[in-house]
Amino acid sequence: MKELDTKSIENILRQAPQIAPPEDLRQRLQATVPSPIQSSQLRQRKSPFKLLNDWLPRLGFAGVFVLGAAWLTAQPGISQDQKAAQEALNNALRDRDILRQESVQRQGKQTYLENLRREHEEVQALRREREQLLSVVNEADRLQQENDYFREQLTIIGGSNPLLTRDPLGEARENARSVMCLNNIKQLALAYQVARDQNASPAEILDLIPHLGGTAPVVCPSDESKEKFSGENIHELAPHNISYDWLLTGPRQPDSSTVMFQCPIHHHIGLGDGSAHKGSRIENGTIELINHGGNLKARLESQ
Amino acid sequence: MDETNEQLAQQAQSGCDAAAATLIDRFYRPIYAFHRRRTSNDEDAADLTQRTFSAAWQALSEYRENALFATWLYRIAHHTYVDWVRQRSRQIARDTRWWESRSQSEARPFDELEDRDFAARIYTLVANLDEALRHPIELHFYEHLTIAQTAEVLALSPSTVKNRLRTAIDHLKHQSQTTVTTPGRP
C-alpha cells in the first residue's frame with residue numbers, strides 16, 4: 001500500500017501536468033484582444049454615458065433644488081389687506097396675552113387679600129379667646145387669694161373647729177387606746193373580784209396582776225406620764241407605774257355597784273361586780289356616780 | 001534582452017503594443033490552463049482567457065509597478081471566472097479529468113502505472129473539492145504561486161490560505177486512503 005503523507009501529496013500536486021492550449025489560441029488572442037491603447041479609447045467612449053450615470057442623481061437633486069427656489073421666489077407677494085389683517089391679528093393676540101397676564105395678576109391679588117382677611121378674623125378670634133382666658137385666670141387667682149385668707153382667719157379664730165382641726169387618724173388611735181383602757185379596767189375589776197372572794201387587800205390584788213398576762217393592765221395607753229410595767233416583780237410597782245385610781249375607801253367588800261377603779265383620762269370605771277363601763281356613759285348620764293358612805297357608787301340607768 | 005513582466009506592463013501602459021503582445025505570449029498558456037481546470041471545455045477556457053486579457057488591458061492604467069504582474073493578472077483571471085459563473089447563474093460542470101486532455105508532451109513525472117493512477121486519483125479528488133479549498137490548491141500548486149501571491153489573488157489573508165491548504169491536503173489524505181484500501185475501485 002502506498003505511503004500517504006503530506007509531502008507526497010504536495011509533490012504530486014506540484015507535478016500536475018500543464019494543459020496545452022489550442023494551437024490557434026495565441027493568434028486568436030492577438031487578433032481579438034484590443035491593445036491597451038484601444039482599450040483605453042473604448043473606455044473613454046463609454047465614459048460620457050458613465051459620467052452621465054454618475055452625475056444624474058446629483059443633477060437631479062440640483063434641479064429639484066433650483067426649481068424649488070424658483071417657485072418660492074416666483075410666488076406673488078402677500079396683499080396689503082392680508083398684511084393688515086395679519087397685523088391686526090398679531091395685535092389682538094398680543095392684547096389677549098396682556099389681558100390674560102393682568103387677569104392672572106388680579107386673581108393672585110384677590111386670593112392674597114382673601115387670605116389676609118381670613119387670617120385677620122382668626123387673629124381677632126384668638127384675641128377674644130385670650131381675653132376670656134385671662135379673665136378666668138384672674139377670677140381664679142382672686143378666689144384662691146380669698147380661700148387663703150379665709151383659711152388663715154379660721155386658723156387664727158379657733159382650731160377647735162372640727163372641720164379644720166379634726167384628725168381622723170388621731171381620733172381612731174385615741175378610740176383604740178380608750179378601748180384598751182376599758183379592757184384594763186375590766187381586768188382589774190375581775191382581778192379584784194377574784195381577790196375579794198379571798199378577802200385580798202389591794203396589794204394582794206396587785207399580786208394577781210402578773211398573772212393577768214403581758215403588760216400589767218395598770219397603765220392607761222393614753223397616759224404618757226406613766227412607765228409601762230412589765231409585771232415581773234410586783235414589788236416594783238409604784239405610783240409612776242399605775243394610771244388608774246383605786247377608789248375603794250370603805251369596807252373591803254364592796255357591792256356590785258361600788259366603783260373600784262377609774263381611769264382619770266377616759267373616766268372608765270370598774271365596778272365591784274367585775275364589770276367595766278365607759279366614761280362616756282358617765283358623761284351622757286347613763287351612769288350616775290354617787291358618793292355613798294365614802295365609796296363611790298355607780299347607778300346605772302338600766303337600773 | 002529579457003525584460004521583466006513589470007517593465008513590459010509599464011511599457012504597455014505607455015502605449016507599447018509590442019510589450020502587450022509579449023505579455024500575452026508569456027501568460028496565455030498558464031491563464032488558459034487556469035481557466036481550463038475550472039471549466040468543462042476548451043471553448044469556455046479560451047473565451048475566459050480572452051476576457052481576462054481584455055479586462056487586464058482595460059485596467060492596465062490601475063496597475064502599479066510595485067505589484068507583481070503575474071499576481072495582478074491572476075487576480076483578474078480569478079474575478080473574470082467568478083463573474084462568468086455569476087452570469088451563467090447555474091452550476092458549471094467541471095472537467096475532473098483535465099490532465100488527460102491536451103497535457104503537455106514533456107515527460108510525465110509519473111512513469112510507473114501505479115504512480116500515475118495514484119496521481120490521477122489525487123487530481124480527481126482535488127477537482128471534486130469545494131472551491132474554497134480547490135482554488136488555493138490550483139493557484140499554489142498548479143500555478144506555482146506563493147502563499148502570499150495566492151492570498152492576494154483570492155483576497156484572503158496568508159494564514160487563511162495556509163489553513164485551507166492544510167485542510168485540503170488532510171482531506172485528500174483521508175479520501176485517498178479510503179480509496180486505496182477499498183479493493184476494486186479505480
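Letters A, B, ... are given to chains in the order of the sequence lines, protein chains preceding strands, and every chain is numbered from 1. Excluded from the calculations below are hydrogen atoms, water molecules and symmetry mates; all remaining heavy atoms, backbone and side chain alike, are included.
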Tell me, with the steps shown, if A:L25 and B:Q50 meet side chain to side chain contact (heavy atoms under 4.5 Å, CB included). CA-CA 9 Å; A:L25 180 59; B:Q50 182 182 343; over 6 Å; no
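One finds the CG atom of B:L172 at 12.5 Å from the OG atom of A:S8 (value rounded to the nearest 0.5 Å). Taken from CG in A:L29 to OG1 in B:T52, the straight-line distance is 9.5 Å, to the nearest 0.5 Å. Note that OG1 of A:T32 is 12.0 Å distant from CZ of B:R51, once rounded to the nearest 0.5 Å. Once rounded to the nearest 0.5 Å, the distance linking CZ of B:F118 with CD1 of A:I9 reads 5.5 Å. The line from CZ of A:R26 to CD1 of B:I24 is 9.0 Å long, rounded to the nearest 0.5 Å. Going from atom OH of B:Y28 over to atom CZ of A:R28 covers 12.5 Å, rounded to the nearest 0.5 Å.
With chain A as the partner, the residue from B:A45, B:A20, B:A19, B:G15 showing the most heavy-atom pairs under 4.5 Å is B:G15.
Across every non-hydrogen atom of A:R14 and B:H144, the tightest pair is O-CE1, 3.3 Å. For B:Y32 against A:P22, the heavy-atom pair with the smallest separation is CZ-CD, 3.3 Å. Scanning all heavy atoms of the two residues, the minimum distance from A:P34 to B:W57 falls at O-CD1, 2.9 Å.
Proximity to chain A involves both the backbone and the side chain of B:I169, based on heavy atoms less than 4.5 angstrom apart. Only the side chain of B:I137 comes within less than 4.5 Å of a heavy atom of chain A; its backbone N, CA, C and O stay farther away.
Contact of the B:D42 side chain with the A:P21 side chain is not registered, since no non-hydrogen atoms from C-beta on lie closer than 4.5 Å. Residues B:K173 and A:T6 meet the side-chain proximity criterion, which asks for heavy atoms closer than 4.5 Å.
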Please report, to 0.1 Å, the donor-acceptor pairs under 3.5 Å made by any side chain of residues 90-107 of chain A, with sequence neighbours excluded.
from: A:N90; atom 1: ND2; to: A:Q86; atom 2: O; distance (Å): 3.3
from: A:N91; atom 1: OD1; to: A:R94; atom 2: NH1; distance (Å): 2.7
from: A:N91; atom 1: OD1; to: A:R94; atom 2: NH2; distance (Å): 3.3
from: A:N91; atom 1: ND2; to: A:E87; atom 2: O; distance (Å): 3.3

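For A:E146, the CD atom is densely surrounded, since the number of other residues' heavy atoms within 6.0 Å is greater than 12. Surrounding CZ of A:R130 are at most 12 heavy atoms belonging to other residues, nucleotides or ligands under 6.0 Å away.
Using a distance-only test at 3.5 Å, with no hydrogens or angles considered, a donor-acceptor pair links the side chain of B:Y123 to the main chain of A:I12.
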